[in-house]
Asker: 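First the structure, then my questions, so here it is.
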Amino acid sequence: MDFKNIISKEISKVTQIDNKEIESYIEIPKDNGNGDYSLPCFKLAKNMKKSPQIIANEIKEKLDIPETIIEKVEVIGGYLNFYINRKMLAKEVLERVGTSDNYGESKLGQGKTILVE
């Protein structure tokens, strides 16, 4: 699941700014206590003629992302932070692993000889 794309599409609906432009602004926070994805609203402030914090709050109020995908949305300063639903993520990963016939396979070192003394 492409979370960054899902988030950017929803923000695009709210702001009327192109989805690809919004997606280019979304980043992964350096501190994982600030969520899994973050939108710095400073880049939107000039065009929207509002402070980044006001923009972040307005976007948050209008977002319609199901809690099954994004568990929580938080405003910290001029950042809009998104927290992925861990249960849904774990379920998706386990389903992919369970349906893959070659899970754990690797071609690393294939065709090489290792000498053991």
Side-chain angles (χ1 to χ4, degrees):
M1 192 174 286
D2 187 353
F3 297 105
K4 193 174 182 180
N5 188 266
I6 291 168
I7 293 167
S8 66
K9 282 181 180 177
E10 290 302 317
I11 294 171
S12 180
K13 288 178 191 175
V14 171
T15 62
Q16 304 304 311
I17 297 172
D18 181 64
N19 174 43
K20 293 296 176 191
E21 182 178 347
I22 295 292
E23 191 170 350
S24 73
Y25 296 158
I26 295 173
E27 55 189 41
I28 296 174
K30 292 177 183 171
D31 178 0
N32 38 346
N34 289 332
D36 300 298
Y37 290 96
S38 182
L39 174 70
C41 295
F42 306 98
K43 297 175 182 182
L44 306 175
K46 186 175 182 181
N47 290 341
M48 297 178 82
K49 296 180 174 52
K50 297 177 183 178
S51 79
Q53 184 147 8
I54 290 173
I55 293 169
N57 280 311
E58 286 179 352
I59 293 172
K60 179 185 174 188
E61 289 174 15
K62 296 176 183 175
L63 281 178
D64 188 27
I65 303 175
E67 285 184 12
T68 55
I69 298 172
I70 299 297
E71 189 171 74
K72 178 171 73 166
V73 179
E74 209 173 58
V75 175
I76 300 176
Y79 291 86
L80 192 56
N81 299 317
F82 299 86
Y83 298 80
I84 296 172
N85 184 312
R86 298 287 185 235
K87 288 181 183 177
M88 183 274 313
L89 181 61
K91 181 181 176 189
E92 184 172 308
V93 169
L94 290 174
E95 284 175 1
R96 287 188 185 192
V97 168
T99 59
S100 175
D101 292 335
N102 58 354
Y103 175 74
E105 244 180 54
S106 174
K107 294 186 183 200
L108 184 65
Q110 188 173 12
K112 295 186 179 186
T113 305
I114 298 174
L115 294 174
V116 179
E117 291 186 31

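Just so you know, residue 1 is the first one in the sequence shown, and it goes up from there.
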Asker: Let me confirm one number: the OG-NZ distance from Ser8 to Lys20, rounded to the nearest 0.5 Å.
Answerer: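 Rounded to the nearest 0.5 Å, the OG-NZ separation comes to 7.0 Å.
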
Asker: What distance do Ile22 atom CD1 and Gln16 atom CD have between them, rounded to the nearest 0.5 Å?
Answerer: 10.5 Å

Asker: Consider only side-chain heavy atoms of I, L, V, M, F, W and Y, link residues closer than 4.5 Å, and tell whether Tyr25 and Ile70 are in one cluster.
Answerer: yes

Asker: State yes or no: do Ile11 and Ile65 share one hydrophobic cluster built from I, L, V, M, F, W and Y residues joined by side-chain heavy-atom distances below 4.5 Å, directly or via other members?
Answerer: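 Yes, Ile11 and Ile65 fall within the same hydrophobic cluster.
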
Asker: Indicate yes or no for a side-chain donor-acceptor contact from Ser12 to the backbone of Ile17 under 3.5 Å, with no hydrogens or angles considered.
Answerer: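 Yes: the side chain of Ser12 pairs with the backbone of Ile17.
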
Asker: Does any pair with a residue in residues 59-73 pass salt bridge (Lys or Arg N to Asp or Glu O under 4.0 Å), and if so which ones, sequence neighbours excluded?
Answerer: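 As it turns out, the salt bridge (Lys or Arg N to Asp or Glu O under 4.0 Å) pairs with a partner in residues 59-73, which skip direct neighbours, are Lys72-Glu74.
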
Asker: Are any of the side-chain heavy atoms of Asn19 and Asn5 separated by less than 4.5 Å?
Answerer: yes

Asker: Below 4.5 Å, heavy atoms only, C-beta onward: do Leu39 and Leu44 meet side chain to side chain?
Answerer: yes

Asker: About how many Å separate CG of Asn47 and CD of Glu21, when rounded to the nearest 0.5 Å?
Answerer: 7.0 Å

Asker: My understanding is that only one of Ile7, Leu80, Val73 makes a side chain to side chain contact (heavy atoms under 4.5 Å, CB included) with Tyr37; could you say which?
Answerer: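 Per the side chain to side chain contact (heavy atoms under 4.5 Å, CB included) rule, the option paired with Tyr37 is Ile7, out of Ile7, Leu80, Val73.
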
Asker: How many angstroms lie between atom OG1 of Thr68 and atom NZ of Lys87, to the nearest 0.5 angstrom?
Answerer: 12.5 Å

Asker: Taking ring-ring contact (aromatic ring centres under 6.0 Å, His included) as the test, write out the residues that go with Phe42, two or more places apart.
Answerer: Tyr79

Asker: Which distance, rounded to the nearest 0.5 Å, do you find between the NZ of Lys4 and the CD of Glu27?
Answerer: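 Separation between the atoms: 8.5 Å.
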
Asker: Are Phe82 and Ile6 packed together at the side-chain level, in the sense that at least one heavy-atom pair is separated by less than 4.5 angstrom?
Answerer: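 Result no, sub-4.5 Å side-chain heavy-atom pair not found.
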
Asker: Ignoring hydrogens, what is the shortest heavy-atom contact between Pro40 and Ser38? Give both atom names and the distance.
Answerer: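 Minimum heavy-atom separation between Pro40 and Ser38: CD-O, 3.6 Å.
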
Asker: Within the structure provided, determine whether Phe3 and Leu89 are in side-chain contact (heavy-atom separation under 4.5 Å).
Answerer: yes

Asker: Can you give each donor-acceptor pair under 3.5 Å made by side-chain atoms of residues 50-58, sequence neighbours left out, with the distance rounded to 0.1 Å?
Answerer:
| from | atom 1 | to | atom 2 | distance (Å) |
| --- | --- | --- | --- | --- |
| Lys50 | NZ | Glu58 | OE1 | 2.7 |
| Lys50 | NZ | Glu58 | OE2 | 3.2 |
| Ser51 | OG | Ile54 | N | 3.3 |
| Asn57 | ND2 | Gln53 | O | 3.1 |

Asker: Linking I/L/V/M/F/W/Y whenever their side-chain heavy atoms sit closer than 4.5 Å, directly or via other members, would Ile76 and Ile26 fall into one cluster?
Answerer: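 Different clusters: Ile76 never reaches Ile26 through Ile, Leu, Val, Met, Phe, Trp or Tyr contacts under 4.5 Å.
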
Asker: Should Asp36 and Arg86 count as an ion pair when the cut-off is N to O under 4.0 Å?
Answerer: yes

